[in-house]
Amino acid sequence: MRLSYPTNVKIVKVPCTGRVDIILILKAFENGADGVYLVGCLEGDCHYLVGNIRARKRVEYVKHILDECGIGGDRVAMYTMSSAEGQRFAEVAREMTEKIRNLGPNPAKKAAARNA
Amino acid sequence: MIVANRKPFEEIIEMLKPYSKILLLGCNECVTVCATGGSKEVAVLASEIRMYRQKEGKPVEIREVTLERNCDPEYVESLKPFIHDYEVVLSMACGCGIQFVGEHYRDRLVLPAVNTTFDGVTEEHGVWAERCQGCGNCVLDRTLGICPVTRCAKSIFNGPCGGSQGGTCEVNKETPCAWQLIVDRYKEMNMLDRYLEIQPMKDWSTSRDGGPRKRVREDLKI
């Protein structure tokens with residue numbers, strides 16, 4: 001297909017979105033990420049049965065944590081798609097990049113740069 | 001296990017306002033099992049505090065430590081080499097652990113990051129419920145394993161009361177009536193005649209009413 005998607009999206013491969021723990025998402029933000037999104041298989045299609053459903057619940061929890069500490073829960077999202085949906089993958093990458101660009105940089109990173 | 005809930009983030013942040021070097025303490029026992037204060041929750045809270053303070057332009061240094069237990073001196077003493085490197089201790093252990101660490105290091109404040117709530121069980125993954133109030137005089141033999149002290153809002157001994165409606169408690173429709181459960185259990189075990197026995201007044205002096213309790217076994221003392 002040779003589809004292009006924004007170069008600022010950095011991919012971290014995991015065997016299943018069920019592997020993504022809350023702390024992994026938080027660490028990404030702590031290390032300066034402006035946004036994080038999980039791309040899992042379609043619900044009902046998980047090889048491990050419920051990995052993607054668990055991931056979705058964790059994303060909801062992280063949203064709450066990020067709202068609490070002022071980073072903003074909107075910066076994290078969960079998408080599901082099948083591995084045959086390259087088109088949608090590129091679309092989602094563009095959509096998320098646009099959304100985060102509108103939100104601006106991670107406030108913690110911004111403050112650190114101001115104080116440096 | 002002892003079940004606790006994490007305090008609201010704003011409350012924790014307010015407590016930590018004057019400090020920039022924090023020892024964040026977790027416990028590997030009960031609070032780990034109820035997913036409130038184990039090493040995982042310590043990592044999450046530490047990350048949350050760091051991000052918040054970074055955002056506010058007042059960065060903090062946090063050391064994350066999770067003790068095997070916070071309620072035994074041998075583990076608490078393991079903090080000795082480094083506890084004084086930190087201005088304050090924020091503890092995610094239960095109320096016992098928070099106090100015990102404070103008793104050992106009297107020149108350090110130990111702040112609570114959790115509200116210790118009850119002694120309970122894991123009903124299912126992510127659901128914990130109260131079962132025991134430690135009244136010091138167990139009646140579970142008479143009530144066939146269902147505690148009226150804990151599970152009845154009024155702790156009555158000859159129930160149910162008039163507030164029992166369709167098997168639930170008037171205090172909360174989600175709460176089963178303890179005495180309904182007890183009667184059902186009598187029936188199940190074919191022991192309904194036991195229900196006719198009037199329970200005498202309970203001696204509460206073994207409970208909290210007698211002040212803080214202590215247990216000593218001389219043969220175990222070193």
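Just so it is clear: chains get the letters A, B, ... in the order the sequence lines come, proteins before strands, and each one is counted from 1. In what follows, every heavy atom counts, from backbone to side chain, and hydrogens, waters and symmetry copies are set aside.
Ion pairing between Glu48(B) and Lys27(A) fails under the 4.0 Å rule for side-chain N and carboxylate O.
Taking OG of Ser47(B) as the start and CD1 of Ile25(A) as the end, the distance is 11.0 Å to the nearest 0.5 Å. Summarising the geometry, atom CD belonging to Glu68(A) is positioned 9.5 Å from atom CD1 belonging to Ile13(B); distances are rounded to the nearest 0.5 Å. Distance SG/Cys69(A) to CG/Leu45(B): 10.0 Å, rounded to 0.5 Å.
Annotation for Lys17(B): atom NZ does not count as buried by contact number, only 12 or fewer foreign heavy atoms lying within 6.0 Å. The local environment of OH in Tyr105(B) is crowded, with over 12 non-hydrogen atoms from other residues, nucleotides or ligands closer than 6.0 Å. Heavy atoms from other residues, nucleotides or ligands lying under 6.0 Å from CZ of Arg50(B) number more than 12. By the neighbour-count criterion of 12 heavy atoms within 6.0 Å, atom NZ of Lys57(A) is sparsely surrounded, having that number or fewer from other residues, nucleotides or ligands.
Contacts of Pro160(B) classified as side chain to side chain contact (heavy atoms under 4.5 Å, CB included), with partners at least two apart in sequence or in another chain: Ser164(B), Cys177(B), Trp179(B), Tyr195(B). Residues satisfying the salt bridge (charged side-chain N to carboxylate O under 4.0 Å, His left out) test with Lys55(B), not counting sequence neighbours, are none.
Nearest heavy-atom pair across Ile23(A) and Val44(B) is CD1-N, 3.8 Å. Between Ala108(A) and Gln54(B), the closest heavy-atom pair is O-CG, 3.2 Å. Residue Phe29(A) comes nearest to Met51(B) through the heavy atom pair CB-SD, 3.7 Å, listed as atom of the first residue, atom of the second, then distance.
Side-chain atoms of Asp21(A) and Lys40(B), non-hydrogen and from C-beta on, do get closer than 4.5 Å to each other.
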